[in-house]
Amino acid sequence: MKQFKKVYIEISNICNLKCSFCPTTKREPKSLNSSEFEHILKEIKPYTNHIYLHVKGEPLFHKNLKDFLEISKANNFFVNITTNGTLIEKYNDIFISDLAPRQINFSLHSFDGKLESIDNKNYLMNILNFTKNSLEKCHTYISLRLWNFNQNDKDSIQQKGNRYILNTIENFFNLDYKIADILTPGKGLKIKDKLFINSDLEFKWPDLNDDFENEDGFCYGLRNQIAILSNGTVVPCCLDGEGVINLGNIFKESFNDILNSKRVNNIYNGFSNHKAVEIFCKKCQFKNKF
């Protein structure tokens, strides 16, 4: 078994939306070219079979995404994509071809629950039509994500938006039950074969300026996942979207050397004892979920 269950590759840090839950990166705009992408795949090949084409940015916004899917297939990688879904029409044919990803996650919370935006240009229906087509023609897993539930404000605009989305899904797939009655934030709900709804409480990216700080906790970063930003910076996990914990650059040194660095070992050993050694990790609230 290879070391990592997944390696996140940020093919671009550029996005076509600005959502409140996903802070815009302060890094220089950067998209990988084909040679850079191939170099990364060559470096990580001994360590994983699964790649996730995102950290920050919108992968479907990348002009070379089809080429990246071809390169990934040629190198026997399983591709997983998380997208806001606004550009899915552009990839309808590609995503149901022999280049179909292993899994596509649609972040349906991308519009912050604003009802007037959800149906803009048939956004939701385009995703559901693609989903139906994909389920009929290929083996791609589809996850419809709502990661914006708020336990303290059930009448917020986000929750109203969620109810609208769930009602639309129920009607589209002719479900004989109300999804909201059995949906539990933090757990996935299987709608049909290869189709899931995944919900969770509103997510907060870790930030060095946050008041929250706690060294206790556990993280799977460097244990079953690692991330590579579009400028080549290697970071422990997909939550370090600014490259705060810069472990090295995959374009300047080997992936193997980066993994065997003192800093990597310190982080790994710290979490083996359920302790965060990096200040950025101490600011992360996600580690307390494990």
Side-chain angles (χ1 to χ4, degrees), residues 8-25 27 29-32 51-69 79-97 99-135 137-138 140-149 157-169 171-173 191 194-200 202-203 205 230 238 241:
Y8 292 88
I9 304 175
E10 182 188 71
I11 61 175
S12 176
N13 63 6
I14 303 169
C15 188
N16 61 330
L17 294 180
K18 291 185 178 180
C19 304
S20 62
F21 69 89
C22 184
T24 302
T25 180
R27 293 179 283 129
K30 175 72 170 70
S31 297
L32 293 178
I51 54 176
Y52 288 64
L53 302 186
H54 66 279
V55 176
K56 289 291 186 75
E58 169 53 50
L60 272 61
F61 200 51
H62 197 299
K63 64 180 181 179
N64 293 334
L65 178 57
K66 182 181 178 182
D67 293 339
F68 290 176
L69 293 175
V79 176
N80 304 267
I81 291 177
T82 294
T83 173
N84 57 43
T86 55
L87 303 173
I88 190 59
E89 280 191 299
K90 180 180 178 182
Y91 288 93
N92 274 337
D93 293 338
I94 296 172
F95 283 171
I96 60 171
S97 70
L99 297 178
R102 171 193 169 272
Q103 179 166 327
I104 302 176
N105 306 310
F106 288 102
S107 297
L108 301 185
H109 49 270
S110 294
F111 286 92
D112 299 323
K114 296 177 181 176
L115 295 177
E116 70 276 10
S117 298
I118 289 173
D119 259 343
N120 183 33
K121 297 181 180 178
N122 295 315
Y123 165 74
L124 186 55
M125 198 54 61
N126 287 339
I127 291 176
L128 295 179
N129 283 327
F130 164 78
T131 296
K132 183 175 183 292
N133 201 15
S134 173
L135 294 176
K137 296 183 178 181
C138 58
T140 298
Y141 290 92
I142 304 290
S143 171
L144 305 176
R145 287 182 173 180
L146 285 171
W147 287 5
N148 63 347
F149 281 80
I157 192 169
Q158 284 87 358
Q159 307 319 306
K160 291 179 180 178
N162 287 351
R163 287 195 290 272
Y164 173 87
I165 290 172
L166 294 178
N167 288 340
T168 303
I169 294 171
N171 293 331
F172 185 88
F173 289 107
I191 299 299
K194 300 191 295 291
L195 175 61
F196 299 83
I197 292 181
N198 290 94
S199 65
D200 211 335
E202 193 167 358
F203 176 73
W205 290 75
S230 54
C238 62

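All values below were derived from every heavy atom in this structure, side-chain atoms included, with hydrogens, water molecules and symmetry-related copies excluded.
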Chemist: Pair Phe106, Phe130 - check side chain to side chain contact (heavy atoms under 4.5 Å, CB included), show working.
Modeler: CA-CA 11 Å; Phe106 288 102; Phe130 164 78; 3.7 Å; yes
Chemist: Do Thr86 and Leu60 have side chains that approach each other closer than 4.5 Å (heavy atoms only, starting at C-beta)?
Modeler: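 No. Closest side-chain heavy atoms not under 4.5 Å.
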Chemist: Evaluate the criterion side chain to side chain contact (heavy atoms under 4.5 Å, CB included) for residue pair Ile11 and Ser230; output intermediate values, then yes/no.
Modeler: CA-CA 6 Å; Ile11 61 175; Ser230 54; over 6 Å; no
Chemist: If you measure from NZ on Lys194 to OG on Ser143, what distance do you get to the nearest 0.5 Å?
Modeler: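 Going from the NZ atom of Lys194 to the OG atom of Ser143 covers 14.5 Å.
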Chemist: If I compare all heavy atoms of Pro101 with all of Phe95, which pair ends up nearest, and what's the gap?
Modeler: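 The answer is CD-CD2, 3.7 Å.
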Chemist: Between the side chain of Asn13 and the main-chain N/O of Lys56, is any donor-acceptor distance below 3.5 Å?
Modeler: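 Here the side-chain-to-backbone pair does not exist.
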Chemist: I'd like to know if the side chain of Thr131 and the backbone of Ile127 have a donor-acceptor N/O pair within less than 3.5 Å.
Modeler: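 Yes, Thr131 side chain to Ile127 backbone: donor-acceptor pair under 3.5 Å.
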Chemist: Can you measure from CD1 (Ile142) to CD1 (Ile191) and round to the nearest 0.5 angstrom?
Modeler: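 Atom-to-atom, Ile142:CD1 and Ile191:CD1 are 13.0 Å apart.
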Chemist: Could you tell me whether a side-chain N or O of Arg27 sits under 3.5 Å from a main-chain N or O of Gly241, the two making a donor and an acceptor?
Modeler: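 At least one qualifying donor-acceptor pair exists.
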Chemist: Would you say OH of Tyr141 has more than 12 non-hydrogen atoms from neighbouring residues, nucleotides or ligands within 6.0 angstrom?
Modeler: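 Count not over threshold, so no.
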Chemist: Just verifying a value: how many Å separate Ser199 OG and Asn162 CG, rounded to the nearest 0.5 Å?
Modeler: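 These two atoms lie 8.5 Å from each other.
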Chemist: Should Thr168 and Leu166 count as side-chain neighbours, where that means a heavy-atom distance under 4.5 Å?
Modeler: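 No - every pair of side-chain heavy atoms lies 4.5 Å or more apart.
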Chemist: Hey, does Leu53 have a side-chain heavy atom less than 4.5 Å from the side chain of Leu65?
Modeler: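 Counting from C-beta outward, Leu65 and Leu53 do come under 4.5 Å.
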Chemist: Please tell me if the side chains of Asn198 and Leu146 come closer than 4.5 Å, counting only heavy atoms from C-beta onward.
Modeler: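 They are not in side-chain contact.
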Chemist: Have Glu58 and Asn84 got a donor and an acceptor in their side chains that come within less than 3.5 Å?
Modeler: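 The criterion, which ignores hydrogens and geometry beyond distance, is satisfied for Asn84 and Glu58.
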Chemist: Going through the distances and angles, do Met125 and Phe172 end up as a side chain to side chain contact (heavy atoms under 4.5 Å, CB included)?
Modeler: CA-CA 9 Å; Met125 198 54 61; Phe172 185 88; 3.6 Å; yes
Chemist: Side-chain contact, heavy-atom cut-off 4.5 Å: Ile14 with Ser31?
Modeler: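 The answer is yes, as the side chains (C-beta and beyond) meet within the 4.5 Å cut-off.
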Chemist: Apply the test side chain to side chain contact (heavy atoms under 4.5 Å, CB included) to residues Glu10 and Leu32: give CA-CA distance (whole Å), side-chain angles for both, the deciding distance (0.1 Å), then the verdict.
Modeler: CA-CA 8 Å; Glu10 182 188 71; Leu32 293 178; over 6 Å; no
Chemist: Once you round to the nearest 0.5 Å, how far does CG of Leu135 lie from CD1 of Ile96?
Modeler: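 Rounded to the nearest 0.5 Å, the CG-CD1 separation comes to 11.5 Å.
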Chemist: Any idea which heavy atoms bring Cys238 and Val55 closest together, and the distance?
Modeler: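 Minimum heavy-atom contact is O-CG1, 3.5 Å.
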Chemist: Got a second to check how far Leu128's CG is from Tyr123's OH, nearest 0.5 Å?
Modeler: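 Reported to 0.5 Å precision, the distance equals 9.5 Å.
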Chemist: Answer whether the closest heavy-atom distance between the side chains of Leu87 and Phe61 falls below 4.5 Å.
Modeler: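 Touching, per the 4.5 Å side-chain cut-off.
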Chemist: May I ask you to decide if the ring planes of Tyr8 and His54 are parallel, tilted or perpendicular, using 30° and 60° as cut-offs?
Modeler: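 The arrangement is perpendicular - the two ring planes meet at more than 60°.
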Chemist: Is atom NZ of Lys66 surrounded by more than 12 heavy atoms (other residues, nucleotides or ligands) closer than 6.0 Å?
Modeler: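 Counting other residues, nucleotides and ligands, NZ of Lys66 stays at 12 neighbours or fewer.
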Chemist: For the NZ atom on Lys90, are there more than 12 heavy atoms of other groups (residues, nucleotides or ligands in this structure) within a distance under 6.0 Å?
Modeler: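 Result for NZ/Lys90: enclosed.
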Chemist: Main chain of Arg163, side chain of Asn167: is a donor-acceptor contact present, judged purely on distance under 3.5 Å?
Modeler: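 It does hold such a pair.
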Chemist: Going by atom types only, do Arg102 and Asn80 share a side-chain donor-acceptor pair under 3.5 Å?
Modeler: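 Yes - a donor-acceptor pair under 3.5 Å links their side chains.
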Chemist: Does any N or O in the side chain of His62 come within less than 3.5 Å of the main-chain N or O of Phe68, such that one atom is a donor and the other an acceptor?
Modeler: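 A pair under 3.5 Å: no.
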Chemist: Does a side-chain heavy-atom distance below 4.5 Å link Leu144 with Phe196?
Modeler: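 They are not in side-chain contact.
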Chemist: What is the distance from atom CG of Leu17 to atom OG of Ser107, rounded to the nearest 0.5 Å?
Modeler: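 Answer rounded to 0.5 Å: 10.0 Å.
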Chemist: Assess the residue pair Asn105 and Thr83 against the criterion (side chain to side chain donor-acceptor pair (under 3.5 Å)); give the C-alpha distance rounded to whole Å, side-chain angles, the decisive distance to 0.1 Å, and a yes or no.
Modeler: CA-CA 6 Å; Asn105 306 310; Thr83 173; over 6 Å; no
Chemist: Would you say that Ile169 contacts Leu108 through its side chain, given a criterion of any heavy-atom pair below 4.5 Å between the two side chains?
Modeler: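 SC-SC contact between Ile169 and Leu108 confirmed.
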